[in-house]
Amino acid sequence: MIVLKTIAELNQFNKVTRQNKVLGFVPTMGALHQGHLSLIKQSKLNTDLTLCSIFVNPTQFNNQTDFEKYPITLETDLELLKAVECNAVFIPSVDEMYPKTETLNHYNFGFLETVMEGMHRPGHFNGVGLILDKLFTLINPNKAFFGEKDFQQLKIVESLVKQNKFDIEIIGCPILREIDGLAMSSRNMRLTPDQRTEATFLYKTLKEAAVRSKNLNPYELKLWIENEFIQKTNFKLDYVEIANETDLMPIKNWDLNLKPRIFIATFLGDVRLIDNLPLNN
Ligand code: AMP
């Protein structure tokens with residue numbers, strides 16, 4: 001696996017190794033798990049060469065503690081990437097990606113950035129836009145792979161590609177879960193053993209909500225989920241939304257033309273967990 005640490009090395013990779021091959025790109029913030037590796041595997045199935053980036057992007061953290069406590073496991077990450085035969089990894093420094101003299105862009109993602117993560121993490125999607133704009137421009141991949149774990153981010157990325165006219169196919173990939181249903185996440189490493197056991201409540205609630213959606217309207221379903229969380233004192237619910245997959249507009253009734261998906265964000269202790277589940281009513 002080729003390890004690229006600077007933009008100069010990346011440019012050299014594009015010129016020498018890539019040439020005319022179809023390049024798949026998987027951006028990550030490291031602390032890799034099987035969810036990330038599933039994206040690499042998807043890329044390998046659909047392209048000639050796969051490049052993964054590992055960069056804990058400071059501009060997308062609206063909470064300084066979350067940034068400081070974000071797990072870093074670079075050596076293990078590189079071993080995992082080698083094991084799945086990822087072709088190249090880009091691990092730039094913060095100075096490389098954000099030169100001190102640079103003025104930062106501002107992005108407009110319209111309605112998409114006003115709800116859920118956008119509303120609860122001010123500035124988050126602008127940071128996501130900043131780093132992906134840079135990475136897409138530098139790497140210029142043919143395809144880029146994103147997890148539905150961050151479903152709203154996937155929509156933001158599609159919007160960025162459209163607005164900036166990047167010639168990149170964005171491919172959404174399903175959420176990988178632990179055996180007990182918890183969505184894999186780098187932040188799960190920060191849960192205590194007790195919290196890790198309790199964390200399964202999030203997916204269990206989503207699954208039960210899917211069953212209850214047969215008898216409740218979206219408003220009643222949202223209330224039912226909120227009530228379930230009130231009874232779990234270790235959780236602090238950030239939001240529950242039932243929204244349409246295509247535009248993330250809140251859903252008021254089970255209209256057959258809509259594609260409803262439940263979105264939940266919650267704190268468990270000081271670890272923020274997000275998850276989502278499509279409803280096939
Ligand atoms: P992150 O390192 O958290 O920025 O995630 C990098 C990419 O991996 C994003 O596209 C995420 O949506 C994706 N990802 C994270 N967790 C999972 C998961 N459990 N299943 C599938 N994709 C995931």
Side-chain angles (χ1 to χ4, degrees), residues 24-46 50-63 66-67 69-74 76-78 80-81 84 86 89-92 94 97 112 116-117 121 124-136 139 141 143-161 168-191 196 199-200 202-203 206 245 248 261 263-265 271-278:
F25 174 44
V26 179
T28 81
M29 298 205 298
L32 301 183
H33 50 67
Q34 291 300 322
H36 295 115
L37 299 183
S38 73
L39 304 184
I40 307 279
K41 289 172 194 164
Q42 266 311 311
S43 173
K44 285 192 66 74
L45 286 173
N46 289 286
T50 294
L51 185 148
C52 173
S53 65
I54 298 179
F55 181 68
V56 185
N57 175 33
T59 62
Q60 74 184 68
F61 285 83
N62 58 313
N63 176 324
D66 189 28
F67 176 58
K69 291 196 174 167
Y70 202 83
I72 294 174
T73 59
L74 186 58
T76 327
D77 291 352
L78 296 180
L80 289 170
L81 290 176
V84 293
C86 183
V89 60
F90 181 47
I91 40 174
V94 172
M97 295 313 292
L112 290 179
M116 301 191 285
E117 295 299 284
R121 301 184 65 190
H124 169 64
F125 286 130
N126 205 66
V128 169
L130 273 169
I131 192 62
L132 288 177
D133 192 355
K134 285 167 183 283
L135 290 170
F136 284 168
I139 296 167
K143 300 173 196 245
F145 297 79
F146 290 84
E148 288 184 349
K149 162 86 182 356
D150 301 279
F151 195 89
Q152 190 174 5
Q153 172 175 274
L154 180 59
K155 297 283 134 186
I156 293 277
V157 176
E158 286 169 354
S159 164
L160 177 76
V161 164
I168 304 172
E169 185 186 349
I170 301 301
I171 298 168
C173 303
I175 303 175
L176 250 81
R177 299 181 178 280
E178 304 288 355
I179 290 167
D180 62 10
L182 178 66
M184 290 180 182
S185 165
S186 306
R187 288 186 176 86
N188 294 350
M189 289 180 195
R190 293 189 45 226
L191 297 170
R196 172 64 191 81
T200 58
L202 177 51
Y203 183 61
L206 280 168
E245 284 187 4
L248 300 185
R261 194 176 270 257
F263 297 85
I264 298 181
V271 182
R272 192 167 182 277
L273 303 173
I274 60 170
D275 201 351
N276 64 79
L277 189 75

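Just follow the structure's listing: the first ligand is 1, and inside any ligand the first atom is 1. Numbering of residues begins at 1 and proceeds along the displayed sequence.
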Using 4.0 Å as the upper bound for N to carboxylate O, is an ion pair formed by Glu117 and Arg272? yes
Below 4.0 angstrom from a heavy atom of Met29, which ligand 1 atoms are there? Numbered from 1 as shown, please. 1 (P), 2 (O), 4 (O)
Measuring only between side-chain heavy atoms, which start at C-beta, is Phe151 closer than 4.5 Å to Leu248? yes
Could you tell me which non-hydrogen atom of Leu176 sits nearest to which non-hydrogen atom of Gly35, and how far apart they are? CB-CA, 3.8 Å
Backbone or side chain, does any N or O of Met184 fall under 3.5 Å from an N or O of ligand 1? yes
How about Arg190 and Asp66: do any of their side-chain heavy atoms sit closer than 4.5 Å? yes
For Gly35, the ligand 1 atoms with a heavy-atom partner under 4.0 Å come out as 18 (C), 20 (N), 21 (C), 22 (N)
Which bit of Pro174 gets closer than 4.0 Å to ligand 1, counting heavy atoms only: side chain, backbone, both or neither? backbone
CD1-CG distance between Ile264 and Leu206, expressed to the nearest 0.5 angstrom: 4.0 Å
Close approach of Ala31 to ligand 1, heavy atoms, under 4.0 angstrom: no
Within the structure, does His36 bring an N/O atom to less than 3.5 angstrom of an N/O atom in ligand 1? yes
So which heavy atom in the protein is nearest atom 22 (N) of ligand 1, and how far is it from that ligand atom? Gly147 CA, 3.5 Å
Could you say whether the N/O atoms of Leu39 and ligand 1 ever approach to under 3.5 Å? no
Asn46 side chain near Phe145 side chain, heavy-atom distance below 4.5 Å: yes
Could you report the tightest heavy-atom contact between Gly30 and Asp77, atom names first, then the distance? CA-OD2, 3.4 Å
Residue and atom name of the nearest protein heavy atom (relative to atom 12 (O) of ligand 1), distance in Å to one decimal: Asp150 OD2, 2.6 Å
How far is atom 3 (O) of ligand 1 from the closest protein heavy atom, and which atom is that? Tyr70 OH, 3.8 Å
Within-cut-off N or O pair, Ala183 and ligand 1, under 3.5 Å: no
Which bit of Pro27 is near ligand 1, meaning a heavy atom under 4.0 Å away: side chain, backbone, both or neither? backbone
Region of His33 that comes within reach of ligand 1 [heavy atoms, distance under 4.0 Å]: side chain
Under 3.5 Å: N/O of Ser38 near N/O of ligand 1: no
Roughly how far apart are Ile175 CD1 and Leu277 CG, rounded to 0.5 Å? 7.5 Å
State, to 0.1 Å, how close Met29 and Asn57 come at their nearest heavy-atom pair, and which atoms those are. SD-N, 3.8 Å
Phe136 and Phe25 aromatic ring geometry - parallel, tilted or perpendicular at 30°/60° bounds: perpendicular
Would you say the side chain of Ile274 lies within less than 4.5 Å of the side chain of Phe263, judging by non-hydrogen atoms? no
Got the closest protein heavy atom to atom 23 (C) of ligand 1, with its distance? Lys149 CB, 4.0 Å
So for ligand 1, is Leu176 a polar contact partner (N or O within less than 3.5 Å, distance only)? yes
Counting heavy atoms only, which part of Val26 comes closer than 4.0 Å to ligand 1: side chain, backbone, both or neither? neither
Counting from 1, what ligand 1 atoms have a heavy atom of Phe146 closer than 4.0 Å? 10 (O)
